[in-house]
Amino acid sequence: QVQLVESGGGLVQAGGSLRLSCVASGSTFRINVMGWYRQAPGKQRELVAAITRGGNTHYADSVKGRFTISRDNARNTMYLQMNSLKPEDTAVYYCNGGQSSAITLYPDRYWGQGTQVTVSS
């Protein structure tokens with residue numbers, strides 16, 4: 001089994017930056033694709049960014065140029081560097097991962113607890 005734990009959320013002003021981390025433990029060898037999803041109250045959950053073990057990435061159009069996803073496979077850790085934050089980035093951010101061989105439309109099987117990101121205007 002795989003456990004995912006996010007950290008790094010908080011309250012920031014618009015234009016500021018945060019770096020989210022997701023640490024995987026357990027059977028981490030079973031993880032290929034990892035990604036960040038977010039969900040704001042009253043809105044649909046959306047994929048923010050995803051990355052394969054080999055480093056292929058995907059970003060939502062809304063965060064391109066502002067967010068950077070990365071991972072350190074040796075440390076079983078994925079990061080989301082969020083710059084130029086906007087109030088519309090406010091959401092609970094969830095770490096996701098699994099055995100998918102490529103980034104797909106659907107999330108993988110393992111989820112973290114989520115970390116709140118709040119961006120004030």
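Listed by chain and number, the residues in a side-chain hydrogen bond (donor to acceptor under 3.5 Å, both in side chains) with Thr104 amount to none (sequence neighbours excluded). A search for side-chain hydrogen bond (donor to acceptor under 3.5 Å, both in side chains) contacts involving Glu46 returns Arg38, not counting sequence neighbours. Remark: Arg66 pairs with Asp89 by the side-chain hydrogen bond (donor to acceptor under 3.5 Å, both in side chains) rule, at least two apart or across chains. With sequence neighbours excluded, the residues forming a salt bridge (charged side-chain N to carboxylate O under 4.0 Å, His left out) with Lys64 are Asp61, listed by chain and number. With sequence neighbours left out, Gln116 forms a side-chain hydrogen bond (donor to acceptor under 3.5 Å, both in side chains) with Thr118. Applying the side-chain contact (heavy atoms from CB on, under 4.5 Å) rule to Asp72 yields the partners Ala74, Arg75, Tyr79; only residues at least two apart in sequence or on another chain are considered.
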Give every donor-acceptor pair under 3.5 Å between a side-chain atom in residues 13-20 and any protein atom, sequence neighbours left out.
from: Ser17; atom 1: OG; to: Asn83; atom 2: OD1; distance (Å): 2.9

Using residues 23-35 as the side-chain source, report each donor-acceptor pair under 3.5 Å to any protein atom, sequence neighbours left out, with the distance given to one decimal.
from: Ser25; atom 1: OG; to: Gln3; atom 2: OE1; distance (Å): 3.4
from: Ser27; atom 1: OG; to: Gln1; atom 2: N; distance (Å): 3.4
from: Thr28; atom 1: OG1; to: Asn76; atom 2: OD1; distance (Å): 3.4
from: Asn32; atom 1: OD1; to: Arg53; atom 2: N; distance (Å): 3.3
from: Asn32; atom 1: ND2; to: Ser100; atom 2: O; distance (Å): 2.6
from: Asn32; atom 1: ND2; to: Ser101; atom 2: O; distance (Å): 3.2

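For the atom pair CD1 (Ile103) and CD1 (Ile51), the distance works out to 7.5 Å, reported to the nearest 0.5 Å. With values rounded to the nearest 0.5 angstrom, Leu47 atom CG is found 12.0 Å from Trp36 atom CH2.
Every pair passing disulfide bond (SG atoms under 2.5 Å apart) that includes a residue from residues 16-101 is listed here, sequence neighbours excluded: Cys22-Cys95. Screening residues 54-76 for ring pair (Phe, Tyr, Trp, His ring centres under 6.0 Å), with sequence neighbours left out, gives no hits. The salt bridge (Lys or Arg N to Asp or Glu O under 4.0 Å) contacts involving residues 91-106 comprise nothing, where partners must be two or more places apart or lie in separate chains. Every pair passing ring pair (Phe, Tyr, Trp, His ring centres under 6.0 Å) that includes a residue from residues 98-120 is listed here, sequence neighbours excluded: Tyr37-Trp111.
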Step-by-step side-chain contact (heavy atoms from CB on, under 4.5 Å) determination, Val119 to Lys86: CA-CA 6 Å; Val119 184; Lys86 304 175 181 179; 5.5 Å; no
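Other residues, nucleotides and ligands place no more than 12 heavy atoms under 6.0 Å from the CD atom of Gln113.
No donor-acceptor pair closer than 3.5 Å links the side chain of Asp108 to the backbone N or O of Asn96. No donor-acceptor distance shorter than 3.5 angstrom exists from the side chain of Gln39 to the backbone of Val92, with no hydrogens or angles considered.
Closest approach of Glu6 and Tyr93 over heavy atoms only: OE2-O, 3.9 Å. Of all non-hydrogen atoms in Thr77 and Ser21, the two that sit nearest each other are CG2-CB, 4.5 Å.
Criterion: ILVMFWY side-chain heavy atoms under 4.5 Å apart, direct or through other members. Under it, Met78 and Tyr94 are not part of a common hydrophobic cluster.
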